[in-house]
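Remember, it's 1-based here, ligands and their atoms both numbered in the order they're listed. The residues of the chain are indexed from 1 along the displayed sequence. Just the heavy atoms: all of them, side chains too, but no hydrogens, waters or symmetry mates, feed the values below.
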Amino acid sequence: MALILGIESSCDETAAAVVRDGEELLSNVVSSQIATHFPYGGVVPELASREHLRAIVPVVRKAVLDAGLQLDAIDAFAVTQGPGLAGSLLVGITYAKALALALSKPLIAINHLEGHIHAVLLEHWCSQSSERALPALALVVSGGHTHLYLVHKSDGAWSYRNIGRTLDDAAGEAFDKVAKLLGLSYPGGPIIEKLAAHGNPRATAMPLSQIKVHQKRHGSDAEETYDFSFSGIKTAVLRFVQKHAMNSSIEARKAAVAGVHEPKAEDYLKHLDQFTLDLIASFQETVVQDLVRKSLRAAQQFEVESLIVSGGVASNKRLRDEFTSRAHSRGLQVFFPGRGLSTDNAAMIAAAAFPKYQAGNFADVHVSAEASLPLGVP
Ligand code: KG4
Ligand code: ZN
């Protein structure tokens with residue numbers, strides 16, 4: 001039996017969690033910084049580091065307390081090494097290192113993206129059933145990443161091959177930027193999802209670039225890759241706004257909700273016309289269709305047994321519904337993280353650490369933050 005305490009501080013959430021044997025969630029504490037970054041419409045790295053420093057001790061204490069444990073009962077400390085904001089990562093790493101050294105327990109360094117994949121494994125795959133669902137294709141879709149991985153497990157060790165990535169903006173970043181452009185709150189994903197339900201997803205045609213490569217071995221025909229590009233759709237929304245002279249209504253909307261504390265969909269709906277709601281719904285639908293289409297094409301080519309969809313954008317219900325119905329019609333199982341485990345958390349870090357704990361794969365005292373840490377092999 002192993003009790004692992006995970007710590008996550010890669011972006012704007014300070015989180016700690018205790019997981020038993022990689023499967024049983026004993027506690028899960030997340031302190032969000034949304035209120036701090038809200039006025040800026042995005043994460044301010046300097047403020048994020050300061051907030052982590054303020055929150056890390058009480059968050060870890062609460063995670064241990066909620067699990068009904070004392071700190072010295074923990075068998076190992078796991079921490080996000082990267083990718084993420086260097087200053088934010090360093091807060092979690094330094095604290096995890098201090099705990100491990102003070103209590104003479106092992107320290108395990110975890111890739112944040114591997115954590116997102118294990119958020120799904122933690123809830124849906126107990127150790128006996130996981131083998132049947134492998135190999136799997138994992139789509140990690142968040143504010144910083146839109147990555148496709150082939151996931152294998154051999155002799156208890158997980159391995160990942162990166163077969164697709166975003167070449168510019170991540171899908172979550174596109175949600176955030178389009179929300180900001182339309183005078184909506186940060187983070188953009190949750191508010192766009194709620195407002196999109198009031199619009200027509202087929203009202204506005206949105207172009208998405210198809211990334212193609214010339215396959216030398218197979219002649220000169222260009223073949224679509226599994227890479228993504230979302231900066232084009234963001235520009236398309238901007239052009240649409242300019243073409244239809246929507247700026248004054250956007251400014252009026254911003255002014256109208258400026259005094260509202262943490263505005264909700266109902267607050268915005270009073271200041272949104274059907275034309276803008278249709279644009280929002282069409283934007284969401286285009287992103288969803290692109291994510292689902294490329295993932296299913298890859299799943300078919302690589303003949304995987306199941307699909308894993310994780311990361312902040314995986315909390316989007318439209319994305320979940322579309323993945324579920326299209327995957328099921330092809331006989332593929334699709335797994336999502338449950339409530340609270342799509343967006344950043346430390347349970348996924350503690351869960352990802354368990355196989356490394358079993359293998360004795362520990363970090364040494366020199367481990368440091370890796371802002372661009374890749375996962376697996378290309
Ligand atoms: O995984 P996450 O919490 O942090 C990163 O690692 O980036 O993901 C945050 C991202 C943000 O861009 C946010 O707008 C997006 O996930 N997001 C959503 C939804 N909830 C969060 N995007 C679409 N629909 C949602 N419901
Ligand atoms: Zn994340």
Ignoring hydrogens and angles, write down the donor-acceptor pairs under 3.5 Å from the side chains of residues 52-75, residues two or more places apart or on other chains.
from	atom 1	to	atom 2	distance (Å)
His52	ND1	Thr14	OG1	2.9
His52	NE2	Ser9	O	3.4
His52	NE2	Cys11	O	2.7
Arg54	NE	Glu51	OE1	3.4
Arg54	NH2	Glu51	OE1	2.9
Lys62	NZ	Asp66	OD1	3.3
Lys62	NZ	Asp66	OD2	3.0
Asp75	OD2	Leu3	N	2.7

Side-chain atoms of residues 363-378: list all donor-acceptor pairs with protein atoms under 3.5 Å, sequence neighbours left out, distances to 0.1 Å.
from	atom 1	to	atom 2	distance (Å)
Asp364	OD1	His366	N	2.8
Asp364	OD1	Val367	N	3.4

Residues 185-207, side-chain donor-acceptor partners within the protein, below 3.5 Å, at least two apart:
from	atom 1	to	atom 2	distance (Å)
Tyr186	OH	Asp12	OD2	3.3
Glu193	OE2	Lys317	N	2.8
Asn200	OD1	Arg202	N	2.8

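In this structure, Arg20 contributes its side chain and Leu26 its backbone to no donor-acceptor pair below 3.5 Å. Without hydrogens or angle criteria, Asp21 side chain to Ala2 main chain gives a donor-acceptor distance under 3.5 Å.
Residue contacts with ligand 1: Ser315 is placed with a nitrogen or oxygen under 3.5 Å of a nitrogen or oxygen of the ligand (distance criterion only). The distance criterion of under 3.5 Å between nitrogen or oxygen atoms is not met by Phe175 with respect to ligand 1. Taking any N or O of Gly311, backbone or side chain, none lies under 3.5 Å from an N or O belonging to ligand 1.
Put simply, no part of Cys11 is less than 4.0 Å from ligand 1, judged by heavy atoms. Remark: distances from the non-hydrogen atoms of Gln284 to ligand 1 are all 4.0 Å or more.
For atom 24 (N) of ligand 1, the closest non-hydrogen atom of the protein is Asn316 ND2, 3.0 Å. Nearest protein heavy-atom neighbour of atom 25 (C) of ligand 1: Gly189 C, 3.6 Å. Looking from atom 21 (C) of ligand 1 to the surrounding protein, the closest heavy atom is Gly312 O, 3.4 Å. In this structure, the protein non-hydrogen atom closest to atom 4 (O) of ligand 1 is Asp344 OD2, 3.1 Å. Protein heavy atom in closest approach to atom 9 (C) of ligand 1: Gly143 N, 3.8 Å.
Residue His112 approaches ligand 1 through these ligand atoms, each under 4.0 Å from one of its heavy atoms: 6 (O). Atoms of ligand 1 lying under 4.0 Å from any heavy atom of Glu193, numbered from 1 in the order shown and given with element: 25 (C), 26 (N). Per-residue contacts place Thr343 under 4.0 angstrom from the following atoms of ligand 1 (heavy atoms of the residue considered): 3 (O). Of all atoms in ligand 1, numbered sequentially from 1 with element shown, those under 4.0 Å from a heavy atom of Gly144 are 7 (O). The His116 neighbourhood of ligand 1 comprises atoms 1 (O), 6 (O), with distances under 4.0 Å to a heavy atom of that residue.
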task: Apply the test side-chain hydrogen bond (donor to acceptor under 3.5 Å, both in side chains) to residues Ser10 and Glu8: give CA-CA distance (whole Å), side-chain angles for both, the deciding distance (0.1 Å), then the verdict.
output: CA-CA 6 Å; Ser10 65; Glu8 152 66 36; 2.6 Å; yes

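Side-chain heavy atoms closer than 4.5 Å link hydrophobic residues (I, L, V, M, F, W, Y) into clusters, and following such links, possibly through other members, connects Phe240 to Ile250. Connection of Met348 to Phe336 is not established within any shared hydrophobic cluster, with ILVMFWY side chains joined at heavy-atom distances below 4.5 Å, either directly or through further cluster members.
Contact annotation for Asp176 and ligand 1: only side-chain heavy atoms (C-beta onward) come within less than 4.0 Å of the ligand. Neither the backbone nor the side chain of His145 comes within contact range of ligand 1; no heavy atom lies under 4.0 Å.
For the Zn ion (ligand 2), protein N, O or S atoms under 2.8 Å: 3 in total.
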